[in-house]
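Have a look at the structure below before the remarks.
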2 protein chains.
Amino acid sequence: MTGTIHIVDDEEPIRDALSFLFDSRGLNARGWASGEEFLSAQPLADCACVILDVRMGDLGGPEVFERLRAMGNRVPVIFLTGHADVPVAVRTLKAGAFDFVEKPFNDNQIVDLALKAIAAHEAAEAMAAARRDLETRRASLSAREEEVLRLMLQGQLNKQIADSLGIAMRTVEVHRGRVLAKMAVRNAVELAAMLGGD
Amino acid sequence: MTGTIHIVDDEEPIRDALSFLFDSRGLNARGWASGEEFLSAQPLADCACVILDVRMGDLGGPEVFERLRAMGNRVPVIFLTGHADVPVAVRTLKAGAFDFVEKPFNDNQIVDLALKAIAAHEAAEAMAAARRDLETRRASLSAREEEVLRLMLQGQLNKQIADSLGIAMRTVEVHRGRVLAKMAVRNAVELAAMLGGD
DNA sequence: GGTATGATTGCGGAAACCCACAATAGCGGT
DNA sequence: ACCGCTATTGTGGGTTTCCGCAATCATACC
């Protein structure tokens with residue numbers, strides 16, 4: 001496992017307890033006393049998981065969560081709360097939080113949750129990386145090539161594509177060849193299998 | 001919009017208020033005084049949306065939800081609760097509930113939520129129906145045809161598939177043709193676009 | 001024993017795909 | 001004017017797909 005578990009809570013005893021807990025399980029953890037402190041500690045590249053207290057001084061957990069997402073960070077977030085705040089729980093979960101736990105929490109449960117979050121995120125990251133790779137490749141296509149790609153994915157024959165675009169079949173063949181090369185696949189089937197119906 | 005909005009709550013005033021509310025918006029709604037009553041009113045085929053109170057006599061909302069899911073019903077469920085029960089909210093949302101609302105609720109909010117739930121479910125249903133259609137078709141393939149299908153999706157040529165399976169290319173061609181026919185597509189690209197990397 | 005289903009293979013051919021080589025043309029930047 | 005990039009089209013040819021016609025074989029079921 002790579003990355004650090006970041007604990008953001010304004011109560012030092014909680015931070016210390018969680019830090020100690022994760023350390024004792026061989027997990028790399030670090031505490032922060034406020035949302036501002038955590039967020040300004042850029043870069044947050046080594047985030048494996050973030051544990052956020054809901055109620056903190058200026059910046060509450062949900063706000064920190066929102067800012068993380070706003071800056072494109074997809075790290076899994078587990079909320080801790082000492083108050084039975086259902087609307088906040090619902091909102092954060094629907095916004096993509098991994099879990100929402102009431103204090104006092106169970107040690108094993110929290111560790112388990114963090115591990116699950118990290119595992120799920122890593123799996124999602126692998127998928128996302130593959131997807132980004134495809135997107136990057138696809139972005140390198142010229143406008144015409146992109147058009148041809150779309151029609152290819154609809155299962156159209158070169159001749160039909162040529163008619164749709166009002167160009168010669170030979171031209172379509174050339175575009176098609178370039179598309180396959182740029183997308184790093186050997187044939188249209190592989191391409192369609194990766195891109196699906198997008 | 002098709003189907004009825006089912007309201008399951010042991011408090012008659014709430015049922016009546018919600019029924020009246022939905023009726024006044026031109027939505028078809030019906031109330032039930034208990035989970036048992038609702039569940040035993042088979043078939044539940046015309047469910048567009050279910051609104052469940054969390055705490056009810058014998059069978060609580062979460063249990064009703066669980067049973068619905070256990071019997072394969074994917075209808076969107078909105079929970080209502082009079083008590084700030086965070087763990088239940090978290091559990092039900094993670095189990096796929098559409099939303100979790102605290103009483104007292106806002107009339108417009110509830111209607112809006114129900115409409116959103118129904119719209120989302122209908123969209124999901126359309127996707128699921130297409131998927132089921134594919135699954136059904138795929139299930140009609142013979143074992144050999146399924147093998148050939150898999151290798152086709154990997155972008156392998158007939159010759160390579162023939163080598164992989166240790167059979168003649170002509171045989172692969174026959175299987176391939178039958179696969180395309182049974183899956184109701186015109187070529188391998190269409191097939192791959194629908195099935196993706198499955 | 002008869003029948004049905006599915007796997008297997010061959011022959012031959014039309015249509016489609018893929019590509020190397022070659023050429024023309026427009027557009028934007030130096 | 002020259003260069004780089006892209007679109008465009010043609011010729012020719014090897015490869016692959018798709019399919020009709022025909023046949024053999026095994027398994028399972030009546």
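Order of the sequence lines sets the chain letters (A, B, ...), proteins ahead of strands, with each chain counted from 1. The structure presented is a predicted model; accordingly, all values stated were derived computationally and were not measured.
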How is the hydrophobic cluster of [X] composed, in terms of its other members, when Ile, Leu, Val, Met, Phe, Trp and Tyr link through side-chain heavy atoms under 4.5 Å apart, directly or indirectly?
X: B:Met127; result: none
X: B:Phe20; result: none
X: B:Ile161; result: B:Leu134, B:Leu141, B:Val148, B:Leu149, B:Leu151, B:Met152, B:Leu153, B:Leu165, B:Ile167, B:Val172, B:Val179, B:Leu180, B:Met183, B:Val185, B:Leu191, B:Met194, B:Leu195
X: B:Val189; result: A:Val189

Criterion side chain to side chain contact (heavy atoms under 4.5 Å, CB included) on B:Ile7 and B:Leu80, from CA distance to verdict
CA-CA 10 Å; B:Ile7 302 153; B:Leu80 294 182; 5.9 Å; no
By side-chain contact (heavy atoms from CB on, under 4.5 Å), A:Glu66 pairs with (sequence neighbours left out) none
My understanding is that only residues two or more places apart in sequence, or in another chain, count here; which of them pass side-chain contact (heavy atoms from CB on, under 4.5 Å) with A:Arg74?
A:Arg69, A:His121
Do NZ/NE/NH1/NH2 and the carboxylate oxygens of B:Arg144 and B:Glu147 come within less than 4.0 Å?
yes
Considering only distance and modelled atom types, tabulate donor-acceptor pairs under 3.5 Å from the side chains of residues 51-61 of chain B, sequence neighbours left out.
unit_1: B:Asp53; atom_1: OD1; unit_2: B:Lys103; atom_2: NZ; d: 3.1

Around atom NZ of A:Lys116, are there more than 12 heavy atoms from other residues, nucleotides or ligands closer than 6.0 Å?
no
With a 3.5 Å distance limit and no angle check, can you tell me whether B:Asn187 reaches the backbone of B:Glu190 through a side-chain donor-acceptor pair?
yes
So if I take residues 141-149 of chain A and measure heavy-atom distances to DNA chain C, which residues fall below 4.0 Å?
none
Expected output is a numbered-order residue list: members of residues 165-187 of chain A with a heavy atom under 4.0 Å from any atom of DNA chain C. What is it?
A:Arg170, A:Glu173, A:Arg176
Sequence neighbours excluded - ring-ring contact (aromatic ring centres under 6.0 Å, His included) pairs with any residue from residues 68-109 of chain B
B:Phe65-B:Phe79, B:Phe79-B:Phe100
Any residue of residues 150-163 of chain B with a heavy atom less than 4.0 Å from an atom of DNA chain D
B:Leu157, B:Asn158, B:Lys159
Quick check for you: name the first and last nucleotides of DNA chain C, 5' to 3', having an atom under 4.0 Å from a heavy atom of chain A.
C:dA16 to C:dC21
